[in-house]
There are 2 protein chains.
Amino acid sequence: MAQTQTFSKNQQIVLDIIEKAKGPLKAYSILFNVQKKGINAPQQIYRALDKLIEAGKIHKIESKNAFVACKNSNCEVSKATAFSICESCEIVDEISDEKLSKYLSKFNEKKGMKFKRFNLEFFGLCKKCK
Amino acid sequence: MAQTQTFSKNQQIVLDIIEKAKGPLKAYSILFNVQKKGINAPQQIYRALDKLIEAGKIHKIESKNAFVACKNSNCEVSKATAFSICESCEIVDEISDEKLSKYLSKFNEKKGMKFKRFNLEFFGLCKKCK
DNA sequence: TAACAAACGTTATATTATAACACTATGATA
DNA sequence: TATCATAGTGTTATAATATAACGTTTGTTA
C-alpha cells in the first residue's frame, strides 16, 4: 500500500485547483487563480507542478502544455500515461486500460533501449462532437 | 503510390535543415541557422513547420518542443507516431513497428471517442547511456 | 488577364518556462 | 538545545516558444 504523501502549502494549493478543475489547466491560468492566495510568480507555480508531477498526482498533457490530476493509481508515481483529447471541444480524459498499459510497458524497441516511462496522446472527436 | 509533394522556398529550406540534422531541432535553432538565407522571423519558421507537419514530412516531439524528419512512410501524412527518447543523451528515434502501430490504430476507448491520430513518446536510456 | 489562394516579410506581442539570489521553515542528529 | 542539511518560499529578471495582424508578392486557374 502506497503511503499518503503530504505536500507543502503551495503544492497543496496548486493540487487543489487542478483536482477541482474539469479539464486541463495551464500554468498561467493556475497562477491567475491563486493570486488571491498570495502566490504571485510563475516560479511558484512551476515549482509546485514539478513536485506534483514527480509524485504522480498530476500529469502534463504535452501537446497542450497543460496539467491534469491523475485519475488512476492515486498514490503511485505514474510512469505510463495515456490520454484521449478531443480536437473539437478540447476535453481530455486519462485512459485507464490495463491491457493497453501492459502492452506498452512490455514494449521493447529493437535498438536495445530500455524504457522507463511513456506518454501516449490520442486525438480525435469525442462522442458529443462527432 | 503517393505523389511527391513540392514545397515552397522557405518550406524547402526548413525541411532540408531538419532532414540533415542528426537529432530534433528547435524552431529558434532552425531560425538561427537560416538567417544567412534571408529568413529573419520566427513566423517564417513556424509557418513552414506547420506545412511540413501537415504534409507528414516532419513530426513535432511534443515533450521537447522540437522537430524531426519523418523516417517512415516518407510520402504519407503521418497519423500514428511513436518515438523513443533517451533521457540522458537526448537522442530521439522514430519507432517503426508495424505491430505497435496497428495495435494503437485499432485501439478504441470505452467512452466512444473516435481516434484519428496518436502520438506516443517512450523515455528511457539508450544502449550507450545505460 | 482577372480573381483567388498560398506564401512571404515584417513588427509587435503573447505565452510558456527558467535563472538566480536571498530568506524561512522543518526536521534530523550530534 | 545548537547546528546543520534540506526543502520550500518569495521575488526580480529574463529566456524560450509561439502567434496576431497587416500589407505585399507569387503562383494558379478560370
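Letters go in sequence order (proteins before strands), and every chain restarts at 1. These numbers come from a predicted model, not from an experiment.
A donor-acceptor contact under 3.5 Å links the side chain of B:Tyr28 to the base of D:dA18.
Between the CZ atom of B:Arg47 and the P atom of D:dA20 there is a distance of 12 Å, given to the nearest Å. Rounded to whole Å, the distance from CG on B:Leu25 to C1' on D:dA16 is 16 Å. Straight-line distance from the CG atom of A:Leu49 to the C1' atom of D:dT9: 15 Å, rounded to whole Å. The CZ atom of B:Phe7 sits 17 Å away from the P atom of D:dG27 (whole-angstrom rounding). Atom CD of B:Glu62 and atom P of D:dA18 are 9 Å apart (whole Å).
Under 4.0 angstrom from either OP1 or OP2 of D:dT19 there lies no side-chain N or O belonging to B:Tyr46. For D:dA18, the OP1/OP2 oxygens have a side-chain nitrogen or oxygen of B:Lys60 closer than 4.0 Å. Between A:Asn10 and D:dG10 there is a side-chain polar atom (N or O) within less than 4.0 angstrom of OP1 or OP2. For the pair A:Lys51 and D:dG8, the criterion of a side-chain N or O lying under 4.0 Å from OP1 or OP2 is met. In this structure, B:Asn65 reaches the D:dA18 phosphate: one of its side-chain N or O atoms is under 4.0 Å from OP1 or OP2.
B:Lys114 is not listed as a side-chain neighbour of B:Glu109, based on a closest heavy-atom distance of 4.5 Å or more. Side-chain contact check for B:Lys111 versus A:Asp93: some heavy-atom pair is nearer than 4.5 Å.
Mapping A:Ala48 and B:Asp50 onto DNA chain D via the closest heavy atom, the residue that lands nearer the 5' end is A:Ala48. Toward the 5′ end of DNA chain C lies the nearest nucleotide of B:Asn40, the other residue of the pair A:Lys26 and B:Asn40 mapping further downstream. With the nearest nucleotide of DNA chain C identified for both A:Phe67 and B:Lys9, B:Lys9 has the one nearer the 5' end.
First and last contacts of DNA chain C with chain B, using any nucleotide atom under 4.0 Å from a protein heavy atom and ordered 5' to 3', fall at C:dA7 to C:dT11.
To the nearest 0.5 Å, the span separating CG on B:Asn33 from OH on B:Tyr28 amounts to 14.5 Å. With values rounded to the nearest 0.5 angstrom, A:Phe67 atom CZ is found 10.0 Å from A:Leu52 atom CG.
Across D:dG10, D:dA18, D:dT12, the shortest atom-to-atom separation from the side chain of A:Gln43 is found for D:dT12.
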Set out, in order, the CA-CA distance, both residues' side-chain angles and the distance that settles side-chain contact (heavy atoms from CB on, under 4.5 Å) for A:Leu49 and A:Ile30, then state yes or no. CA-CA 10 Å; A:Leu49 291 172; A:Ile30 295 171; 4.1 Å; yes
Enumerate, atom names and distances included, each donor-acceptor pair closer than 3.5 Å involving a side-chain atom of residues 119-130 of chain B, sequence neighbours excluded.
| from | atom 1 | to | atom 2 | distance (Å) |
| --- | --- | --- | --- | --- |
| B:Asn119 | OD1 | B:Thr81 | OG1 | 2.8 |
| B:Asn119 | ND2 | B:Glu121 | OE2 | 2.9 |
| B:Glu121 | OE1 | B:Ser63 | N | 3.3 |
| B:Glu121 | OE1 | B:Ser63 | OG | 2.6 |
| B:Glu121 | OE2 | B:Glu62 | N | 2.9 |
| B:Lys130 | NZ | A:Gly112 | O | 2.5 |

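In this structure, B:Gln11 reaches the sugar-phosphate backbone alone: every heavy-atom distance under 4.0 Å involves primed, P, OP1 or OP2 atoms, never a base.
For A:Ser105 (side chain) and A:Ser101 (main-chain N/O), a donor-acceptor pair under 3.5 Å exists by modelled atom type.
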